S.K.: 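Please find one structure pasted underneath; my questions will follow.
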Amino acid sequence: MKRSLLPLNALRAFDAAARHMSFKQAADDLSVTPAAISQQIRSLEDFLGVDLFRRTNRSLVLTDAAQLSLIPLKEGFEKLEEAVDIITDSITSNVLKVSVSPSFASKWLVPRLASYYERRPDAIVKINATMQVTDFKAEDMDVAIRYGLGNYDGLVSEELLRETIFPVCAPGLFDGEAATPCAVLKHTLIHDDSSIEDESAPNWTMWLKAAGVAAPDGVPALHFNTNALAIEAAVAGRGVALARSAIAGEDIKAGRLIKPFGEAVPIDFAHYIVYPKDKIKNERVEDFIEWLREETSKD
(Lines give C-alpha, C1' and ligand atoms only; values in the text may rest on other atoms or scores of the structure.)
Protein backbone atom coordinates (compact mmCIF):
# COMPACT_ATOMS: atom_id res chain seq x y z
CA MET A 1 0.00 0.00 0.00
CA LYS A 2 1.31 3.44 -0.93
CA ARG A 3 2.28 5.68 2.02
CA SER A 4 0.23 8.53 0.57
CA LEU A 5 -2.91 6.41 0.99
CA LEU A 6 -2.44 5.62 4.67
CA PRO A 7 -5.24 7.22 6.77
CA LEU A 8 -2.99 8.40 9.61
CA ASN A 9 -5.68 10.26 11.56
CA ALA A 10 -7.92 7.20 11.54
CA LEU A 11 -5.00 4.98 12.58
CA ARG A 12 -4.26 7.34 15.50
CA ALA A 13 -7.91 7.13 16.56
CA PHE A 14 -7.80 3.33 16.40
CA ASP A 15 -4.52 3.20 18.35
CA ALA A 16 -5.97 5.39 21.13
CA ALA A 17 -9.27 3.48 21.25
CA ALA A 18 -7.45 0.12 21.39
CA ARG A 19 -5.15 1.29 24.19
CA HIS A 20 -8.04 2.51 26.34
CA MET A 21 -10.78 0.19 25.01
CA SER A 22 -12.93 3.29 25.19
CA PHE A 23 -13.95 5.84 22.57
CA LYS A 24 -14.43 8.45 25.30
CA GLN A 25 -10.91 8.10 26.74
CA ALA A 26 -9.47 7.99 23.24
CA ALA A 27 -11.32 11.23 22.49
CA ASP A 28 -9.83 12.83 25.64
CA ASP A 29 -6.34 11.75 24.52
CA LEU A 30 -6.73 13.29 21.08
CA SER A 31 -8.79 16.33 22.16
CA VAL A 32 -11.77 15.42 19.95
CA THR A 33 -15.29 14.14 20.61
CA PRO A 34 -16.22 10.47 21.07
CA ALA A 35 -18.38 10.82 17.96
CA ALA A 36 -15.30 11.87 15.96
CA ILE A 37 -13.41 8.79 17.21
CA SER A 38 -16.32 6.55 16.24
CA GLN A 39 -16.45 8.11 12.78
CA GLN A 40 -12.70 7.66 12.28
CA ILE A 41 -12.90 4.00 13.33
CA ARG A 42 -15.77 3.32 10.93
CA SER A 43 -13.93 5.03 8.08
CA LEU A 44 -10.83 2.93 8.82
CA GLU A 45 -12.91 -0.27 8.87
CA ASP A 46 -14.41 0.69 5.50
CA PHE A 47 -10.95 1.48 4.14
CA LEU A 48 -9.48 -1.85 5.31
CA GLY A 49 -12.55 -3.95 4.66
CA VAL A 50 -12.44 -5.58 8.11
CA ASP A 51 -14.08 -5.00 11.49
CA LEU A 52 -11.73 -3.73 14.19
CA PHE A 53 -14.10 -3.86 17.15
CA ARG A 54 -17.07 -5.92 18.18
CA ARG A 55 -19.40 -3.48 19.85
CA THR A 56 -21.56 -4.55 22.78
CA ASN A 57 -23.89 -2.45 24.89
CA ARG A 58 -21.31 -1.87 27.61
CA SER A 59 -17.86 -2.50 26.12
CA LEU A 60 -15.62 -2.84 23.10
CA VAL A 61 -13.85 -6.06 22.11
CA LEU A 62 -10.98 -6.14 19.62
CA THR A 63 -11.30 -8.50 16.68
CA ASP A 64 -8.45 -10.95 16.01
CA ALA A 65 -7.21 -8.90 13.07
CA ALA A 66 -7.17 -5.73 15.16
CA GLN A 67 -5.33 -7.49 18.01
CA LEU A 68 -2.58 -8.69 15.67
CA SER A 69 -2.04 -5.16 14.31
CA LEU A 70 -1.46 -3.44 17.67
CA ILE A 71 2.26 -4.16 18.15
CA PRO A 72 3.41 -3.11 14.64
CA LEU A 73 1.09 -0.09 14.82
CA LYS A 74 2.60 0.97 18.16
CA GLU A 75 6.11 0.50 16.75
CA GLY A 76 5.16 2.51 13.67
CA PHE A 77 4.00 5.50 15.71
CA GLU A 78 7.15 5.29 17.86
CA LYS A 79 9.25 5.43 14.67
CA LEU A 80 7.27 8.45 13.50
CA GLU A 81 7.91 10.17 16.85
CA GLU A 82 11.61 9.33 16.57
CA ALA A 83 11.72 10.85 13.07
CA VAL A 84 10.05 14.03 14.31
CA ASP A 85 12.53 14.21 17.22
CA ILE A 86 15.46 13.94 14.79
CA ILE A 87 14.01 16.74 12.65
CA THR A 88 13.38 18.89 15.73
CA ASP A 89 16.88 18.23 17.03
CA SER A 90 18.38 19.28 13.72
CA ILE A 91 16.49 22.58 13.89
CA THR A 92 17.76 23.30 17.42
CA SER A 93 21.20 21.80 16.83
CA ASN A 94 23.00 24.32 19.03
CA VAL A 95 21.13 23.22 22.21
CA LEU A 96 22.69 20.43 24.27
CA LYS A 97 20.98 19.13 27.44
CA VAL A 98 23.26 17.38 29.93
CA SER A 99 22.30 15.70 33.20
CA VAL A 100 25.16 15.42 35.70
CA SER A 101 25.73 15.20 39.44
CA PRO A 102 26.20 18.58 41.19
CA SER A 103 29.74 17.73 42.35
CA PHE A 104 30.98 16.60 38.94
CA ALA A 105 29.32 19.61 37.32
CA SER A 106 30.93 22.19 39.59
CA LYS A 107 34.35 20.59 40.07
CA TRP A 108 35.04 18.97 36.69
CA LEU A 109 32.64 19.83 33.89
CA VAL A 110 32.05 23.56 34.31
CA PRO A 111 35.77 24.49 34.66
CA ARG A 112 36.41 22.77 31.32
CA LEU A 113 33.46 24.15 29.35
CA ALA A 114 35.53 27.02 27.95
CA SER A 115 37.34 24.56 25.69
CA TYR A 116 34.02 23.14 24.51
CA TYR A 117 32.81 26.63 23.56
CA GLU A 118 36.03 27.15 21.61
CA ARG A 119 35.05 24.06 19.68
CA ARG A 120 31.35 24.97 19.38
CA PRO A 121 31.01 28.76 19.88
CA ASP A 122 27.31 28.65 18.96
CA ALA A 123 26.48 26.01 21.57
CA ILE A 124 23.78 26.45 24.19
CA VAL A 125 24.55 24.00 27.00
CA LYS A 126 21.77 23.32 29.49
CA ILE A 127 23.08 21.54 32.58
CA ASN A 128 20.68 19.75 34.89
CA ALA A 129 22.67 19.18 38.11
CA THR A 130 20.95 16.35 39.97
CA MET A 131 21.66 13.11 41.79
CA GLN A 132 18.58 11.49 40.26
CA VAL A 133 19.02 8.86 37.54
CA THR A 134 17.89 10.39 34.25
CA ASP A 135 14.64 9.31 32.59
CA PHE A 136 15.59 10.34 29.05
CA LYS A 137 12.09 10.19 27.61
CA ALA A 138 10.41 12.07 30.45
CA GLU A 139 13.15 14.68 30.90
CA ASP A 140 14.22 15.15 27.27
CA MET A 141 17.94 14.97 28.07
CA ASP A 142 20.60 14.36 25.42
CA VAL A 143 23.31 12.79 27.56
CA ALA A 144 24.08 12.12 31.22
CA ILE A 145 27.30 11.71 33.19
CA ARG A 146 26.81 9.37 36.11
CA TYR A 147 28.98 8.08 38.96
CA GLY A 148 28.51 4.37 39.63
CA LEU A 149 29.21 0.90 38.31
CA GLY A 150 28.01 1.54 34.76
CA ASN A 151 24.98 -0.77 34.77
CA TYR A 152 22.22 1.37 33.25
CA ASP A 153 19.58 -0.87 31.65
CA GLY A 154 18.48 -0.02 28.14
CA LEU A 155 21.10 2.72 27.70
CA VAL A 156 24.55 2.99 26.18
CA SER A 157 27.11 3.32 28.98
CA GLU A 158 30.74 4.24 28.32
CA GLU A 159 33.37 4.62 31.03
CA LEU A 160 34.58 8.20 31.00
CA LEU A 161 36.84 8.55 34.02
CA ARG A 162 38.10 5.88 36.43
CA GLU A 163 38.22 7.01 40.06
CA THR A 164 40.60 6.71 43.00
CA ILE A 165 39.94 7.92 46.54
CA PHE A 166 42.30 9.48 49.06
CA PRO A 167 42.20 11.81 52.08
CA VAL A 168 42.74 15.52 51.41
CA CYS A 169 43.12 18.54 53.64
CA ALA A 170 44.20 22.15 53.54
CA PRO A 171 47.97 22.79 53.60
CA GLY A 172 49.17 23.19 57.18
CA LEU A 173 46.24 21.36 58.80
CA PHE A 174 48.58 18.89 60.48
CA ASP A 175 50.83 21.82 61.48
CA GLY A 176 54.09 19.88 61.73
CA GLU A 177 52.71 16.68 63.25
CA ALA A 178 53.41 13.42 61.43
CA ALA A 179 50.76 12.79 58.77
CA THR A 180 49.86 9.16 59.49
CA PRO A 181 46.55 7.36 59.11
CA CYS A 182 46.17 7.38 62.92
CA ALA A 183 46.68 11.16 62.97
CA VAL A 184 43.52 11.57 60.88
CA LEU A 185 41.47 10.72 63.97
CA LYS A 186 42.75 13.87 65.72
CA HIS A 187 40.89 15.96 63.15
CA THR A 188 37.32 16.30 62.02
CA LEU A 189 36.38 13.68 59.43
CA ILE A 190 34.43 15.23 56.57
CA HIS A 191 31.88 12.81 55.09
CA ASP A 192 30.23 12.75 51.67
CA ASP A 193 26.78 11.20 52.12
CA SER A 194 25.71 11.49 48.46
CA SER A 195 26.10 7.73 47.91
CA ILE A 196 25.08 6.64 51.40
CA GLU A 197 22.39 4.28 50.09
CA ASP A 198 24.96 2.32 48.07
CA GLU A 199 26.90 0.01 50.39
CA SER A 200 29.71 -0.38 47.84
CA ALA A 201 30.41 3.36 47.66
CA PRO A 202 33.71 4.37 49.31
CA ASN A 203 33.54 5.92 52.78
CA TRP A 204 35.72 6.63 55.82
CA THR A 205 34.94 3.29 57.45
CA MET A 206 36.33 1.49 54.39
CA TRP A 207 39.44 3.68 54.18
CA LEU A 208 40.32 3.42 57.87
CA LYS A 209 39.86 -0.36 57.82
CA ALA A 210 42.12 -0.66 54.75
CA ALA A 211 44.70 1.52 56.51
CA GLY A 212 44.61 -0.72 59.59
CA VAL A 213 43.17 1.98 61.84
CA ALA A 214 40.45 1.22 64.38
CA ALA A 215 38.15 4.23 64.62
CA PRO A 216 36.87 4.88 68.16
CA ASP A 217 33.43 6.30 68.80
CA GLY A 218 33.06 10.05 69.08
CA VAL A 219 35.42 11.15 66.30
CA PRO A 220 34.34 14.71 65.28
CA ALA A 221 32.55 14.69 61.95
CA LEU A 222 30.99 16.93 59.32
CA HIS A 223 28.48 15.49 56.84
CA PHE A 224 27.52 16.86 53.42
CA ASN A 225 25.16 15.59 50.72
CA THR A 226 27.56 16.31 47.85
CA ASN A 227 31.24 15.56 47.39
CA ALA A 228 31.87 19.11 46.16
CA LEU A 229 30.69 20.60 49.48
CA ALA A 230 32.86 18.13 51.39
CA ILE A 231 35.86 19.27 49.33
CA GLU A 232 35.04 22.95 49.95
CA ALA A 233 34.96 22.25 53.69
CA ALA A 234 38.42 20.66 53.45
CA VAL A 235 39.72 23.67 51.48
CA ALA A 236 38.42 25.89 54.30
CA GLY A 237 40.47 23.90 56.82
CA ARG A 238 37.50 22.30 58.57
CA GLY A 239 39.02 18.80 58.60
CA VAL A 240 40.06 15.88 56.40
CA ALA A 241 37.83 14.79 53.52
CA LEU A 242 37.81 11.54 51.60
CA ALA A 243 38.09 12.81 48.04
CA ARG A 244 37.45 11.45 44.58
CA SER A 245 40.23 12.15 42.11
CA ALA A 246 37.94 13.75 39.51
CA ILE A 247 36.33 16.09 42.03
CA ALA A 248 39.42 17.19 43.97
CA GLY A 249 41.88 17.34 41.07
CA GLU A 250 41.65 21.06 40.32
CA ASP A 251 41.98 22.08 44.00
CA ILE A 252 45.08 19.88 44.34
CA LYS A 253 46.67 21.37 41.21
CA ALA A 254 45.97 24.88 42.54
CA GLY A 255 47.52 24.07 45.92
CA ARG A 256 44.30 24.57 47.87
CA LEU A 257 44.41 20.93 48.97
CA ILE A 258 47.14 18.40 49.64
CA LYS A 259 47.18 14.60 49.82
CA PRO A 260 48.85 14.09 53.22
CA PHE A 261 49.38 10.35 52.65
CA GLY A 262 50.23 10.43 48.97
CA GLU A 263 48.76 7.09 47.96
CA ALA A 264 45.32 6.69 46.41
CA VAL A 265 43.07 3.65 46.52
CA PRO A 266 41.47 2.52 43.21
CA ILE A 267 37.75 1.77 43.41
CA ASP A 268 35.19 0.08 41.19
CA PHE A 269 33.11 3.25 40.81
CA ALA A 270 33.74 5.47 37.80
CA HIS A 271 32.11 8.30 35.88
CA TYR A 272 30.16 7.09 32.85
CA ILE A 273 28.71 8.75 29.76
CA VAL A 274 25.13 7.50 29.51
CA TYR A 275 22.66 8.05 26.65
CA PRO A 276 19.92 6.32 24.63
CA LYS A 277 21.22 4.50 21.56
CA ASP A 278 19.36 6.75 19.11
CA LYS A 279 20.99 9.90 20.54
CA ILE A 280 24.32 9.07 18.92
CA LYS A 281 22.67 9.83 15.57
CA ASN A 282 22.63 13.45 16.71
CA GLU A 283 25.75 15.29 15.53
CA ARG A 284 25.99 17.63 18.54
CA VAL A 285 25.69 14.73 21.01
CA GLU A 286 28.37 12.76 19.16
CA ASP A 287 30.64 15.82 19.15
CA PHE A 288 30.10 16.49 22.88
CA ILE A 289 30.94 12.87 23.75
CA GLU A 290 34.10 13.09 21.66
CA TRP A 291 35.04 16.29 23.50
CA LEU A 292 34.52 14.54 26.86
CA ARG A 293 36.85 11.74 25.75
CA GLU A 294 39.51 14.25 24.75
CA GLU A 295 39.24 16.08 28.08
CA THR A 296 39.58 12.94 30.17
CA SER A 297 42.63 11.86 28.15
CA LYS A 298 44.37 15.00 29.49
CA ASP A 299 43.89 13.99 33.15
Side-chain angles (χ1 to χ4, degrees), residues 1-100 124 126-144 146 151-157 197 274-282 284-285:
M1 183 180 296
K2 292 183 179 180
R3 294 176 186 175
S4 60
L5 297 178
L6 290 175
L8 292 179
N9 286 337
L11 287 168
R12 287 178 66 233
F14 167 59
D15 174 63
R19 279 188 286 109
H20 295 293
M21 294 306 294
S22 164
F23 285 2
K24 183 180 184 304
Q25 291 183 48
D28 291 341
D29 261 12
L30 301 179
S31 300
V32 297
T33 65
I37 294 292
S38 180
Q39 183 179 356
Q40 290 281 13
I41 297 296
R42 288 189 183 280
S43 69
L44 183 60
E45 289 176 326
D46 291 341
F47 177 83
L48 297 173
V50 296
D51 291 335
L52 298 172
F53 292 97
R54 291 194 298 272
R55 296 160 178 81
T56 67
N57 290 334
R58 297 185 178 180
S59 64
L60 295 174
V61 179
L62 284 167
T63 64
D64 290 344
Q67 187 71 50
L68 289 171
S69 73
L70 289 182
I71 292 177
L73 183 62
K74 176 178 179 290
E75 291 174 349
F77 278 119
E78 288 177 349
K79 288 294 183 183
L80 285 172
E81 290 172 0
E82 182 181 328
V84 171
D85 287 343
I86 290 171
I87 293 170
T88 303
D89 283 348
S90 69
I91 294 171
T92 58
S93 59
N94 59 332
V95 178
L96 182 79
K97 290 161 283 188
V98 184
S99 176
V100 60
I124 299 174
K126 295 185 177 181
I127 295 176
N128 180 32
T130 176
M131 293 300 296
Q132 299 301 315
V133 176
T134 306
D135 182 338
F136 281 91
K137 287 189 176 180
E139 300 175 47
D140 191 29
M141 287 289 142
D142 291 312
V143 64
R146 281 289 168 261
N151 47 345
Y152 302 99
D153 290 342
L155 299 170
V156 178
S157 178
E197 294 181 0
V274 183
Y275 54 90
K277 187 176 181 179
D278 63 347
K279 284 292 183 181
I280 202 61
K281 300 174 185 176
N282 188 300
R284 76 176 183 281
V285 173

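As the structure is a prediction and not an experimental result, all values here were calculated from the model.
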S.K.: Once side chain to side chain contact (heavy atoms under 4.5 Å, CB included) is applied, do any residues pair with Asn151, and if so which ones, sequence neighbours excluded?
M.R.: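 Result, side chain to side chain contact (heavy atoms under 4.5 Å, CB included) vs Asn151: Leu149.
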
S.K.: State, to 0.1 Å, how close Pro34 and Ala27 come at their nearest heavy-atom pair, and which atoms those are.
M.R.: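 Minimum heavy-atom separation between Pro34 and Ala27: N-CB, 3.5 Å.
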
S.K.: Would you give the length of the straight line joining atom CG of Asp46 to atom CG of Asp51, rounded to the nearest 0.5 angstrom?
M.R.: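 Atom-to-atom, Asp46:CG and Asp51:CG are 9.5 Å apart.
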
S.K.: Check the pair Glu78, Lys74 against salt bridge (charged side-chain N to carboxylate O under 4.0 Å, His left out), reporting the backbone distance first and the verdict last.
M.R.: CA-CA 6 Å; Glu78 288 177 349; Lys74 176 178 179 290; 2.6 Å; yes

S.K.: At their closest point, which heavy atom of Ala18 faces which heavy atom of Met21, and how far apart are they?
M.R.: O-SD, 3.5 Å

S.K.: How long is the gap from CE on Met141 to CG on Leu96, to the nearest 0.5 Å?
M.R.: 10.0 Å

S.K.: Using 0.5 Å steps for rounding, measure from the OG1 atom of Thr134 to the CG atom of Asp140.
M.R.: 11.5 Å

S.K.: Grab the two heavy atoms, one from Val274 and one from Arg146, that are nearest each other, plus how far apart they are.
M.R.: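 Distance-wise, the nearest heavy atoms are CG2-CB, 4.4 Å.
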
S.K.: Tell me the ring-ring contact (aromatic ring centres under 6.0 Å, His included) pairs involving residues 17-44, sequence neighbours left out?
M.R.: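 The answer is Phe23-Phe53.
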
S.K.: Can you give me the closest heavy-atom contact between Ser43 and Ala10, atom names plus distance?
M.R.: OG-CB, 4.2 Å

S.K.: State whether the side chain of Asp142 and the backbone N or O of Val98 hold a donor-acceptor pair below 3.5 Å, judged by distance alone.
M.R.: no

S.K.: Is it the case that atom CD in Gln132 sees more than 12 heavy atoms from other parts of the structure closer than 6.0 Å?
M.R.: no

S.K.: Holding to side chain to side chain contact (heavy atoms under 4.5 Å, CB included), I want the full list of residues that pass it with Ala66, two or more places apart in sequence or in another chain.
M.R.: Phe14, Leu52, Leu62, Thr63

S.K.: Sequence neighbours left out, what pairs pass side-chain hydrogen bond (donor to acceptor under 3.5 Å, both in side chains) with at least one residue falling in residues 64-73?
M.R.: none

S.K.: Taking salt bridge (charged side-chain N to carboxylate O under 4.0 Å, His left out) as the cut-off, I'd like each qualifying pair that reaches into residues 14-30, sequence neighbours left out, listed once.
M.R.: Asp15-Arg19, Arg19-Asp29, Lys24-Asp28

S.K.: Can you tell me how far the CD1 atom of Ile37 sits from the CG atom of Leu30, to the nearest 0.5 Å?
M.R.: 4.5 Å

S.K.: For Asn9, which residues count as a side chain to side chain contact (heavy atoms under 4.5 Å, CB included) partner, sequence neighbours excluded?
M.R.: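 Only Arg12, Gln40 meet the side chain to side chain contact (heavy atoms under 4.5 Å, CB included) criterion with Asn9.
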
